[in-house]
Amino acid sequence: MKFVHSSDTCFVPSIAFAAPPSTEPPAIRGVPLHPSVSLTTSGRGGRSPLIPLDGFNAAPADAAEAALLACCRSHRWAARVAAHRPYPDPASLLAAAEEASYDLSGEEVLRALACEDAPGPGPDAPPPARTALHAARAAYESRFGHAFVICLDSHPPSRHLDRTLWAIRYRLGNEPDEERAVAADELRLLARGRLARLVGETGPPDAGPVPVPR
């Protein structure tokens, strides 16, 4: 089941800023796992442009909101974060984004989740990994009605696949209301991490995802 609202679509338009940086932005999708296996991360829309904070602050409102929609597919979230510009530093921007995430209604979270893709194995993943992840994702989506999301920013890439599989199996034991709260928190962390990378901050979020064994 998809929870899609006519005014909150998954499409994010192309964005052009007056002074784009020369560096290539990091991928939102396609996080390397290790030399032989990769994991694609949650979300749609491919690459987001890397935007210096001053460029983000000075951008027209529609361009800033479009950039924010590449981080979280909630129009109210994007409009709220864009409306509070200018931000003096990246930490202030990330704090405002987190506050806006906490204020999303349950329906808004579901609409944003409808625009997410669950992490999937990369093209070099072995067949057993593909089969295990596909089965786990299908079971999760059948139970909860939306894609599985997890923020892996605070974990080493070599553990992404194992942690994703463990987390899906662990969270399948949640009640629907409990899992909606967990998924909303993971969505918040994903949005924070994407936004940090968008403005050139590469560090992991201060808070990690749902604890999983090391």
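Being a predicted model, the structure only gives us computed values, none of them experimental.
The side-chain hydrogen bond (donor to acceptor under 3.5 Å, both in side chains) check on Asp54 picks up nothing, with sequence neighbours excluded. Applying the ring-ring contact (aromatic ring centres under 6.0 Å, His included) rule to Tyr140 yields the partners Phe144, His146, Phe148; only residues at least two apart in sequence or on another chain are considered. In this view, Ser142 satisfies the side-chain hydrogen bond (donor to acceptor under 3.5 Å, both in side chains) rule with no residue, not counting sequence neighbours. Applying the salt bridge (Lys or Arg N to Asp or Glu O under 4.0 Å) rule to Asp103 yields the partners Arg80; only residues at least two apart in sequence or on another chain are considered. For Ala132, the side-chain contact (heavy atoms from CB on, under 4.5 Å) partners are Leu165, Arg169, not counting sequence neighbours. Legend: residues meeting side-chain hydrogen bond (donor to acceptor under 3.5 Å, both in side chains) with Ser92, ordered by chain and number and at least two apart, are Asp89.
The distance from the CG atom of Leu187 to the CD1 atom of Ile150 is 13.0 Å, given to the nearest 0.5 Å. With rounding to the nearest 0.5 angstrom, the OG atom of Ser74 is 11.5 Å from the CG atom of Leu110. Note: Arg194 CZ to Leu69 CG = 11.5 Å, rounded to the nearest 0.5 Å. From Glu98, atom CD reaches atom CG of Leu189 across 6.5 Å, with rounding to the nearest 0.5 Å. Taking NE2 of His155 as the start and CG of Asp162 as the end, the distance is 11.5 Å to the nearest 0.5 Å. Between His75 atom NE2 and Leu68 atom CG the span is 11.5 Å, to the nearest 0.5 Å.
Of all non-hydrogen atoms in Trp77 and Ala97, the two that sit nearest each other are NE1-O, 3.0 Å. For the pair Ala100 and Val81, the tightest heavy-atom approach, listed with the atom from each and the gap, is CB-CG2, 4.0 Å. Here the shortest heavy-atom pairing between Ala67 and Ile51 reads CB-CD1, 3.8 Å. Contact detail for Leu172 and Arg143: the closest heavy-atom pair is O-NE, 3.0 Å. When all heavy atoms of Ser105 and Arg76 are compared, the closest pair comes out as N-NH2, 4.1 Å. The two residues Leu133 and Pro119 make their nearest non-hydrogen contact at CD2-O, 3.6 Å.
Put simply, the side chain of Glu141 never gets that close to the backbone of Ala147: no donor and acceptor are under 3.5 Å apart. Proximity of a side-chain donor or acceptor of Arg85 to a complementary backbone N or O of Phe56 within less than 3.5 Å is detected.
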### Message
Please determine whether side-chain contact (heavy atoms from CB on, under 4.5 Å) holds for the pair Glu116 and Glu186, giving the CA-CA distance in whole Å, both sets of side-chain angles, and the decisive distance to 0.1 Å.
### Response
CA-CA 11 Å; Glu116 294 287 333; Glu186 294 295 333; over 6 Å; no
Report, one line per pair, each donor and acceptor closer than 3.5 Å where one atom sits in a side chain of residues 58-65; sequence neighbours left out.
none

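In this structure the side chain of Leu94 never reaches within 4.5 angstrom of the side chain of Val199, judged on heavy atoms.
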